[in-house]
Amino acid sequence: MRVGVRPDDVAAAAVALQDAAAEVEDIVGSLPVGRTMAIAAAAGLEAVVGGADALTWSRAVSHVEHEVLRAAAIGRAEQAELATMGRRLHRLAAVYAAVEDGVGAALRGLDRFVHAHPALVEGGAHVGHRVALEPLLGLGSRLGWLEERTDAVVVLDRRAPAEAPPPTGLGDLVADDVDVAAEDGLVRVTEVVDRDGRSVWVVAISGTQSWSPAPGENPFDVTADVHAVRSQSSAAAIGVHLALLEAQRSTGRDTSAEPILLTGHSLGGILAVGLAADPAFRHGRRVTGVVTAGSPTGRLSLPRTIGSVALEHRGDPVPRLDGVPGRQGGAWTTVVLDPPPDDTDGLGSRAHSGELYVRSAREVEALSRRDPAVESWEQVVAPFTEGEGRRAIAHEYVLTRQWQNPRS
Amino acid sequence: MDELLELAMRWEASADRLRRRAGVVRWAATPDWQGPGADRCREELVARWAALVELARQHDGVAHRLRGLAAWVETS
């Protein structure tokens with residue numbers, strides 16, 4: 001793995017320096033210094049004997065001698081400099097390689113540790129929420145990081161609505177979340193229309209796409225992560241709200257009674273629960289369910305009228321970053337799964353992958369089909385995934401965080 | 001005089017070799033590697049490149065003097 005240093009490049013530079021030192025040494029060693037001065041002196045003397053001006057001869061020969069001696073001295077000094085620097089770069093390349101190996105090993109170790117000790121991650125995150133989050137945000141704001149600037153606006157780039165396959169189960173819903181994460185800023189609002197012409201809405205929200213602490217154009221970033229987990233507004237949340245608003249308005253009818261399901265993986269799940277919990281977002285809308293995969297949502301509250309389905313892999317550290325266990329009971333259903341060790345390789349990062357959550361969601365779905373009892377999570381997703389003769393229209397929006405010029 | 005011109009050519013040839021080697025050193029300074037001390041190393045590589053170019057210029061200077069001497073011998 002690469003951690004920012006490039007031992008190979010440094011080693012290549014070291015070789016270039018040592019080759020240069022060898023070449024200069026060869027040149028300096030083969031310079032005809034003495035011969036040049038002797039021949040110059042002899043040629044000048046010959047000219048003087050032939051009648052040329054002796055003072056001019058003396059000056060010309062002296063110039064040659066001076067230049068020759070200077071070139072030889074500079075060459076020797078430069079050869080030494082090049083050789084010294086070449087040796088230093090070789091040592092530096094070795095240090096870089098050691099750093100790279102060390103950091104790589106440490107990160108792999110941490111990845112395995114968080115997978116093997118989820119409770120410790122949860123405990124550590126609990127303390128971190130109390131003592132570290134505010135100072136971290138304070139430090140970030142001084143650097144212009146992790147802050148939603150007040151002059152930021154979210155711009156929507158709307159695509160033409162297109163026919164899409166309607167979701168048929170939990171697996172399709174999670175797959176949609178993973179799919180939108182592949183494109184910067186993408187939000188997909190899918191209108192599912194049943195045989196009788198009644199519509200329901202599914203909003204697929206992406207996980208974190210940009211890992212820079214400095215807020216940039218992509219609103220699905222670390223800044224959105226820290227704001228969403230603290231139930232604060234973010235450019236991403238506003239963008240999702242605007243996308244749903246525009247998609248529903250485009251139908252030209254009153255959609256306020258049509259059920260809405262918000263779904264998301266990782267950050268997308270936090271945003272989904274945060275929006276569903278926000279009375280301003282629910283105003284004039286009927287949000288009935290939320291599906292999350294690998295999201296820390298335990299600190300958020302939802303009205304009892306909204307059902308929540310949370311998928312968590314036991315070795316995934318991300319759902320534990322809020323420092324509290326996933327909720328159970330009432331409108332909350334947290335399904336904790338143990339993916340096969342071969343799929344995670346014992347790594348927390350693999351356990352968090354969207355593709356693995358899609359597979360788990362499909363397995364949960366397959367199990368429920370074999371069991372006649374209706375689980376509570378099935379009641380949440382069924383209105384959006386079941387029924388004959390359904391069709392779906394996908395409304396896609398690309399969100400961009402932009403900044404207003406206060407003087408314009 | 002022929003010997004002077006032959007020597008001048010030898011100094012010019014070494015100047016060419018130095019310039020070629022300087023080009024390789026300059027290339028080594030270009031890669032976008034990061035890490036502790038990387039900026040300083042890049043600066044030093046550029047300094048070595050400049051020194052090699054200056055050394056090549058010095059060799060050209062010797063060759064120029066030798067050609068000047070050859071011309072003076074010929075005319076006197």
Side-chain angles (χ1 to χ4, degrees), chain A residues 3-10 12-17 19-24 26-28 30-33 35-36 39-40 42-44 46-48 50-53 56-57 60-61 63-68 70-72 74-75 77-79 81-82 85-86 88-89 92 95-96 99-100, chain B residues 1-8 10-11 13-18 20-38 40-42 44-45 47-76:
Chain A
V3 290
V5 294
R6 297 188 183 174
D8 298 347
D9 287 346
V10 182
V15 170
L17 263 289
D19 285 353
E23 178 127 31
V24 172
D26 181 45
I27 290 169
V28 170
S30 64
L31 284 177
V33 174
R35 189 161 164 246
T36 301
I39 288 171
E46 193 181 320
V48 170
D53 173 34
T56 308
W57 162 74
V61 172
H63 279 146
V64 170
E65 286 176 346
H66 176 74
E67 294 279 352
V68 167
R70 194 156 168 248
I74 292 174
E78 188 54 27
Q79 182 270 331
E81 288 275 358
L82 289 166
M85 193 174 172
R88 274 178 43 217
L89 282 184
L92 187 63
V95 170
Y96 276 17
V99 168
E100 192 175 68
Chain B
M1 195 185 67
D2 287 347
E3 281 189 304
L4 287 173
L5 293 175
E6 185 205 319
L7 281 172
R10 284 188 63 180
W11 283 92
S14 73
D16 283 345
R17 285 176 68 192
L18 287 169
R20 278 199 297 276
R21 191 50 67 181
V24 176
V25 172
R26 186 72 185 83
W27 166 85
T30 305
D32 189 25
W33 43 270
Q34 304 289 318
R40 194 170 151 218
C41 282
R42 258 193 294 273
E44 289 189 24
L45 282 167
R48 294 278 61 80
W49 161 76
L52 284 173
V53 170
E54 175 57 25
L55 186 57
R57 206 181 61 78
Q58 196 73 36
H59 285 215
D60 279 336
V62 173
H64 178 73
R65 294 282 182 199
L66 289 169
R67 286 186 186 279
L69 187 59
W72 177 76
V73 168
E74 190 178 15
T75 54
S76 57

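By convention in this document, chain letters (A, B, ...) are assigned in the order of the sequence lines, proteins followed by strands, and residues within each chain are numbered from 1.
- A salt bridge links B:E44 with A:R88: the closest approach of a Lys/Arg side-chain nitrogen to an acidic carboxylate oxygen falls below 4.0 angstrom.
- Taking all atoms of both residues into account, the shortest heavy-atom contact from B:S14 to A:L31 is OG-CD2, 4.1 Å.
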Task: Check against side-chain contact (heavy atoms from CB on, under 4.5 Å), B:L18 and A:E78 - done: CA-CA 11 Å; B:L18 287 169; A:E78 188 54 27; over 6 Å; no
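- To the nearest 0.5 Å, atoms CZ (A:R70) and CG (B:L55) are separated by 10.5 Å.
- Across B:L69 and A:A40, no two heavy atoms sit closer than the pair CD2-CB, 3.4 Å.
- Residue with the most contacts toward chain A among B:V24, B:L7, B:V25: B:L7 (heavy-atom pairs, distance under 4.5 Å).
- Of all non-hydrogen atoms in A:S30 and B:R10, the two that sit nearest each other are O-NH2, 3.0 Å.
- Within the 4.5 Å cutoff, the side chain of A:H66 has no heavy atoms near those of the B:R65 side chain.
- Of all the heavy atoms in B:L52 and A:A20, the pair that sits closest is CD1-CB, 4.4 Å.
- Put simply, the side chain of A:I27 does not reach to within 4.5 Å of the side chain of B:R21, judged on heavy atoms.
- Annotation: maximal heavy-atom pairing with chain B below 4.5 Å, among A:V15, A:D19, A:V24, occurs at A:D19.
- Between A:M85 and B:L45 the shortest side-chain heavy-atom distance falls below 4.5 Å.
- Note on B:Q58, B:R20, B:R57: by heavy-atom pairs under 4.5 Å with chain A, the leading option is B:Q58.
- Between B:H59 and A:A71, the shortest heavy-atom contact is CD2-CB, 3.8 Å.
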Task: Working for side-chain contact (heavy atoms from CB on, under 4.5 Å), residues B:E3 and A:R35 - done: CA-CA 10 Å; B:E3 281 189 304; A:R35 189 161 164 246; 3.8 Å; yes
